[in-house]
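Read the structure below first, then the notes.
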Amino acid sequence: IGSIAILERENNQAQLRWFVVHPGYRGIGLGKSLFGKALGFCQAAGYEKIFLWTLDNLAAARTIYEANGFKLVEKKKNYLWGHHLVEEYYVLNFK
């Protein structure tokens with residue numbers, strides 16, 4: 001139904017990856033719950049910072065990121081998967 005991945009990075013950082021919920025199960029709070037569990041894991045593991053890259057057209061995910069304290073740090077235009085897209089870099093500092 002859904003998946004989220006946390007990758008350990010250098011300097012006590014984590015990267016949020018692969019946050020996805022099946023379209024048939026969106027809008028009922030599963031993404032928020034899954035995201036909350038991932039943040040709890042990162043805090044318990046002692047990470048000082050979590051970062052992620054997303055696309056500006058993923059509004060529902062961006063709403064969850066911002067509601068949990070992530071701050072937009074950078075935007076860049078890129079050509080990905082045959083499309084001109086805007087990537088966004090978000091950061092959440094625990095310390």
Side-chain angles (χ1 to χ4, degrees):
I1 293 173
S3 181
I4 195 166
I6 301 294
L7 300 178
E8 184 174 48
R9 298 297 189 191
E10 59 187 30
N11 299 322
N12 208 25
Q13 298 180 67
Q15 181 180 9
L16 179 106
R17 295 289 307 256
W18 317 122
F19 178 37
V20 63
V21 174
H22 185 282
Y25 295 90
R26 292 180 185 161
I28 59 172
L30 292 176
K32 290 178 187 176
S33 176
L34 192 59
F35 195 80
K37 290 180 186 301
L39 287 184
F41 167 81
C42 289
Q43 286 180 303
Y47 292 115
E48 295 178 11
K49 174 181 173 180
I50 305 173
F51 67 91
L52 63 93
W53 283 97
T54 190
L55 300 171
D56 70 341
N57 63 343
L58 300 176
R62 185 175 52 252
T63 299
I64 293 173
Y65 304 146
E66 292 173 346
N68 283 279
F70 280 77
K71 303 295 182 201
L72 178 63
V73 174
E74 179 183 344
K75 283 188 173 195
K76 66 180 181 178
K77 294 180 181 178
N78 211 338
Y79 188 74
L80 300 166
W81 309 294
H83 301 279
H84 293 281
L85 300 170
V86 177
E87 291 181 284
E88 296 179 332
Y89 178 69
Y90 282 84
V91 173
L92 174 64
N93 291 301
F94 285 127
K95 294 185 179 185

[X]-[Y] co-clustered via ILVMFWY side chain contacts under 4.5 Å:
{"X": "Leu85", "Y": "Trp53", "answer": "no"}
{"X": "Leu30", "Y": "Leu58", "answer": "no"}
{"X": "Val91", "Y": "Leu52", "answer": "no"}
{"X": "Leu7", "Y": "Phe41", "answer": "no"}
{"X": "Ile4", "Y": "Tyr47", "answer": "yes"}

If we only count heavy atoms from C-beta on, is the Glu87 to Leu80 side-chain gap below 4.5 Å?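 Answer yes - side chains close enough.
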
Take Leu16 and Ile6 through the test side-chain contact (heavy atoms from CB on, under 4.5 Å) and record every step on the way to the result. CA-CA 5 Å; Leu16 179 106; Ile6 301 294; 3.8 Å; yes

To the nearest 0.5 Å, how far apart are [atom1] in [X] and [atom2] in [Y]?
{"X": "Phe94", "Y": "Asn12", "atom1": "CZ", "atom2": "CG", "result": "10.5 Å"}
{"X": "Thr63", "Y": "Lys32", "atom1": "OG1", "atom2": "NZ", "result": "8.5 Å"}
{"X": "Leu39", "Y": "Phe70", "atom1": "CG", "atom2": "CZ", "result": "5.5 Å"}
{"X": "Phe19", "Y": "Ile64", "atom1": "CZ", "atom2": "CD1", "result": "4.0 Å"}
{"X": "Leu92", "Y": "Lys71", "atom1": "CG", "atom2": "NZ", "result": "9.0 Å"}
{"X": "Gln13", "Y": "Asn93", "atom1": "CD", "atom2": "CG", "result": "8.5 Å"}

Give me the atom names and distance for the closest heavy-atom approach of Arg62 to Leu55.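 Where Arg62 meets Leu55 most closely, the heavy atoms are NH1-O, 4.2 Å.
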
If you take all heavy atoms of Leu34 and Gly2, which pair is closest and at what distance?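 Reported closest heavy-atom pair: CD2-C, 4.0 Å.
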
I want to know whether Tyr89 and Phe51 have ring centres closer than 6.0 Å.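 Centroid separation for Tyr89 and Phe51: below 6.0 Å.
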
